[in-house]
K.L.:
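Please find one structure pasted underneath; my questions will follow.
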Amino acid sequence: MSKSDEVLSKFQQDAEVEAIDTSRVLKVGIIGTGWIAESHIESYKKMPDVKVVAMADLIPGKAEKFAKRYGVENVNFYPDHKSMLENEELDAVSVCTYNTQHAVCTIDALNAGVHVLLEKPMCVTTEEAVEIIRAEKASGKILSIGFQPRFDENMKMIKKIVDSGVLGDIYYIQTGGGRRRGIPNSTFIEKSTGGIGALGDIGCYSLDMVLNAIGYPKPLTVSGYTSDFFGKSYEYSLPENACRFNVDDFAAAFIRLEGDIILDFRIAWAMHLDTPGDTVILGKKGALRIPSTECWNGSVGGPMTLYYDLAGTQVETTIPILKNKGEGGLFDKKIRSFLDAIKTGGEAPVPSSQILYNQAIIDYINISAQQGKEVEVVIPEI
């Protein structure tokens with residue numbers, strides 16, 4: 001076996017055994033029955049230990065139509081999340097509302113003694129994230145944030161490579177992603193509902209990919225930039241969308257992290273490129289290149305390349321694309337991990353303590369962009 005093959009052998013895919021405990025059926029409610037709730041209900045329907053018993057939506061009749069479309073019977077419907085929490089004995093809820101309602105719905109559910117799977121982004125501001133975590137700690141319940149790319153085997157491999165020490169101390173990361181044209185519709189494009197644009201929609205994923213790999217160091221300062229040229233343009237957006245667009249469709253930032261690590265970041269819903277570049281993690285012993293995707297989808301765009309020196313020779317090792325194991329997609333794995341944590345009393349699969357830093361970076365990119373200067377990241381005590 002060559003030296004390069006020896007290095008590659010350290011990063012082989014491990015075996016996995018999955019088992020579902022069906023002795024206890026969990027009663028689940030869904031708050032918000034819009035687009036993202038479709039993925040939640042599809043996954044819950046596959047789980048033999050789950051019964052969706054309640055749905056809440058502010059729009060009259062929307063939850064009823066949603067349940068009928070997905071063939072979910074014996075469900076109680078509510079005009080808001082508070083009435084659902086007051087009248088149902090739930091084990092867990094999925095919070096699938098628009099971004100600006102994430103915090104209030106999650107806090108109320110935790111205060112009611114219910115486990116919460118909160119869709120990404122965690123919320124809109126750092127202060128909201130702190131209040132969510134305070135409610136989580138007081139409740140003793142599990143709060144997991146909806147980052148399904150965490151469960152992709154290639155994402156796990158990135159962390160495995162960093163943790164192995166083959167890269168040495170990390171000092172610089174370039175990351176981001178985006179779409180040449182990919183501005184969503186509906187509640188995404190207004191501050192009153194979305195709160196943040198591309199930053200929250202896909203930027204949080206890109207940040208999580210690298211921050212999770214390096215252990216989520218605390219952000220110290222941010223110099224950020226945002227723009228909305230394409231979203232407000234009648235040339236590129238539908239007239240009915242351009243006239244109400246008031247969030248970011250592009251963002252970039254230079255972020256200093258604890259441990260003397262620099263994070264160079266950019267994200268886009270629309271631009272004149274198919275990608276702003278590959279993700280690169282530079283360490284003192286080696287480097288890792290992670291190919292971008294044409295439309296950021298929570299995975300990697302191709303085989304990764306590990307660069308390092310071996311016996312005085314510059315060497316590259318290709319890390320092949322890994323297939324995800326077991327049945328179901330990444331969303332199913334996200335749902336399953338949340339349910340298993342409830343049943344076993346385990347840790348949250350995607351803990352809020354990590355995503356707090358993710359949210360703070362997003363928030364302070366906006367703050368820095370508004371002030372036109374580098375700003376210190378301030379996170380209140382929890």
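Scope of the values below: all heavy atoms of this structure, side chains included, with no hydrogens, waters or symmetry mates. By convention here, the first residue in the shown sequence is residue 1.
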K.L.:
Test your reading of the model: is there a side-chain donor-acceptor pair from H102 to the backbone of T97, 3.5 Å cut-off?
P.N.:
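Here the side-chain-to-backbone pair exists.
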K.L.:
Between N111 and A135, what is the shortest heavy-atom contact and its length?
P.N.:
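In this case the closest contact between N111 and A135 is OD1-CB, 3.9 Å.
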K.L.:
K323 and E153: side chain to side chain contact (heavy atoms under 4.5 Å, CB included), yes or no, with the steps?
P.N.:
CA-CA 7 Å; K323 293 183 178 180; E153 293 301 322; over 6 Å; no
K.L.:
Between the side chain of D363 and the main-chain N/O of T126, is any donor-acceptor distance below 3.5 Å?
P.N.:
yes
K.L.:
Above 12 or not: heavy atoms from other molecules or residues under 6.0 Å from NZ of K343?
P.N.:
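Count over threshold, so yes.
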K.L.:
Hey, does the side chain of S233 reach the backbone of F230 with a donor-acceptor pair shorter than 3.5 angstrom?
P.N.:
no
K.L.:
Under 3.5 Å, is there a donor-acceptor pair between the side chain of S337 and the main chain of K333?
P.N.:
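Present.
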K.L.:
Taking NZ, NE, NH1 and NH2 as the nitrogens, is one of them in E119 or K334 under 4.0 Å from a carboxylate oxygen of the other?
P.N.:
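Counted as a salt bridge, because a side-chain N and a carboxylate O are separated by less than 4.0 Å.
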K.L.:
Tell me, do L211 and L263 make a side-chain contact under 4.5 Å, heavy atoms counted?
P.N.:
yes
K.L.:
Group every Ile, Leu, Val, Met, Phe, Trp and Tyr by side-chain heavy-atom contacts under 4.5 Å, then state whether M47 and V72 land in the same group.
P.N.:
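Yes, same cluster.
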K.L.:
Using modelled atom types only, decide if a donor and an acceptor are shared between the side chain of K159 and the backbone of N212 within a distance under 3.5 Å.
P.N.:
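Here the side-chain-to-backbone pair exists.
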K.L.:
Is K27 salt-bridged to E88, going by a charged N under 4.0 Å from an acidic O?
P.N.:
no
K.L.:
Would you say V95 and I133 are hydrophobically clustered, going by side-chain heavy atoms of ILVMFWY under 4.5 Å?
P.N.:
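In one cluster: yes.
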K.L.:
In terms of ring plane angle, is the pair F188 and W269 parallel, tilted or perpendicular, where the classes change at 30° and 60°?
P.N.:
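Answer is perpendicular, since the angle exceeds 60°.
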K.L.:
With no hydrogens and no angle check, is any side-chain donor or acceptor of D248 less than 3.5 Å from a backbone partner on A198?
P.N.:
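Flag set: sc D248 to bb A198 pair under 3.5 Å.
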K.L.:
Taking all non-hydrogen atoms of both residues, which atom of L199 and which atom of A251 are closest, and how far apart?
P.N.:
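Where L199 meets A251 most closely, the heavy atoms are CG-CB, 3.6 Å.
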K.L.:
Taking N87 for the side chain and S83 for the main chain, is one N or O donor matched with an acceptor at less than 3.5 Å?
P.N.:
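Yes.
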K.L.:
Okay, side chain of N99, backbone of G194: is any donor-acceptor separation there less than 3.5 Å?
P.N.:
yes
K.L.:
Under the side-chain hydrogen bond (donor to acceptor under 3.5 Å, both in side chains) test, which residues partner E131, sequence neighbours left out?
P.N.:
R134
K.L.:
Extract all donor-acceptor atom pairs below 3.5 Å that involve side chains of residues 217-229 and protein atoms in other chains or at least two apart in sequence.
P.N.:
{"unit_1": "T221", "atom_1": "OG1", "unit_2": "E374", "atom_2": "OE2", "d": "3.1"}
{"unit_1": "D228", "atom_1": "OD2", "unit_2": "K232", "atom_2": "NZ", "d": "3.2"}

